[in-house]
2 protein chains.
Amino acid sequence: MKEKKDRIQAIRDIIRTRDIGNQQELLDILLQRGFRLTQATLSRDLKMLQIVKMSLSDGGYLYVMPDVAASMQSNLTHHFVSPRNIKGVQSVECSTVLVVVRTKPGYASALASDIDQAMIPEIMGTIAGDDTILVIPRGGYNTNQVAEALVKILPRQK
Amino acid sequence: MKEKKDRIQAIRDIIRTRDIGNQQELLDILLQRGFRLTQATLSRDLKMLQIVKMSLSDGGYLYVMPDVAASMQSNLTHHFVSPRNIKGVQSVECSTVLVVVRTKPGYASALASDIDQAMIPEIMGTIAGDDTILVIPRGGYNTNQVAEALVKILPRQK
DNA sequence: CGATTCTTTGAATTTTTTTGCAGAAAAGTT
DNA sequence: AACTTTTCTGCAAAAAAATTCAAAGAATCG
């Protein structure tokens, strides 16, 4: 069923590139682009895509992907966490869902091991390369909480 | 007005700790706890709190904070990017939050190194195994943008 | 205090979204 | 092909959520 796949893709595109405040608006655009569907189907599509309706500060509403919603959420969230003077650590950076720790070459796996040993509740696990550690937050914690916890336990430079 | 502040806090708590599928459910709990309000007010409160209604895989809906929505976003949606004829690369695939590059055995770490060297703004970092590279998008960029940037800089097969 | 302004709220809608159901279309089987 | 099963969709109704409007409650200011 090609029609549906195309439609789903189109919905993604439209949601990403335009401000959609309710399903009717989106429906109109889709109809205009030649898709044939009703609002009922659209509701089901949006549900399947896990698109959410978020309130805007200006009073309106906006349909967005969850990760966009999170990034729009009152942006108090800093992206870089000061690594202070932690041995081997170059930087700690948070994306929406993951924390990336950059280390000096060769340090990553040792540090990752330290992190794992610490059994931090916020951290589900780590994956280490040569100079990069990927830290996966445990469900319920956001990347900033993880970064805070991380910075606390990492060995300091003396 | 203290009443409102308390209520807002209570809503936060309830949303965090229980599964709320619609406003009536939440309203009932609030009434039970002694708050006096109607659905109209609740709608306004939820709007102000930027709480979103998200679809669950089991068919139901759930009111959650945006960051929780993002962390719940299922990664079933894999968009495949044609790797053209890039040396050693078997495939480049995007999930919602990560890009996975599959390579011929042994190529991964060299390629990951190339990627890191390129200092692509869209890319926060990479982690390489033997035949797989995990690419983490920097905040603000989506996986498709990363994949596009990647394909551009990767060495082509001659 | 009294007048004025701003905020909050409920009742009653209106608007928007979801869903039960049945039929149509596609995919899978024999 | 003929039959079965699964997926998809529209229609209409139900359910859920947002908003209009009027009024009650605070806050501000002279």
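A, B, ... follow the sequence lines: proteins, then strands. Residue 1 opens every chain. Side chains are part of it too, since the values below use all heavy atoms of this structure and drop only hydrogens, waters and symmetry mates.
Side-chain contact annotation: A/D28 with A/Q32, donor-acceptor N/O pair under 3.5 Å absent.
Residue-to-nucleotide proximity on DNA chain C shows that, of B/R36 and B/Y61, the 5′-proximal contact is made by B/R36.
Linking ILVMFWY residues whenever their side-chain heavy atoms come closer than 4.5 Å, directly or via other members, leaves A/I14 and A/Y61 in distinct clusters.
OP1 and OP2 of C/dT9 both lie 4.0 Å or more from every side-chain N or O belonging to B/T41.
The side chain of B/T38 has C/dA11 as its nearest neighbour among C/dT8, C/dA11, C/dT19. Nearest to the side chain of B/K47, among C/dT8, D/dT19, C/dG10, sits D/dT19.
Here the side chain of A/Q9 pairs no donor or acceptor atom with the backbone of A/K5 at under 3.5 angstrom. Using a distance-only test at 3.5 Å, with no hydrogens or angles considered, no donor-acceptor pair links the side chain of B/T41 to the main chain of B/L37. Without hydrogens or angle criteria, B/E25 side chain to B/I20 main chain gives no donor-acceptor distance under 3.5 Å.
A/L42 comes within 4.0 angstrom of nothing in the nucleic acid, heavy atoms only.
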Which donor-acceptor pairs under 3.5 Å do the side chains of residues 42-49 of chain A make with protein atoms, sequence neighbours left out?
residue	atom	partner	partner atom	Å
A/D45	OD1	A/R7	NH2	3.1
A/D45	OD2	A/R7	NE	2.6
A/D45	OD2	A/R7	NH2	3.0
A/K47	NZ	B/G59	O	2.4

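Residue B/D19 places its CG atom among 12 or fewer non-hydrogen atoms of other residues, nucleotides or ligands, all under 6.0 Å distant.
Recorded end-axis angle for the helix from C/dC1-D/dG30 to C/dT30-D/dA1 stands at 40°, based on five pairs per end and rounded to 10 degrees.
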Hey, what are the protein-to-nucleotides 13-16 of chain D N/O distances that come in under 3.5 Å?
residue	atom	partner	partner atom	Å
D/dA16	OP1	B/N22	ND2	3.3

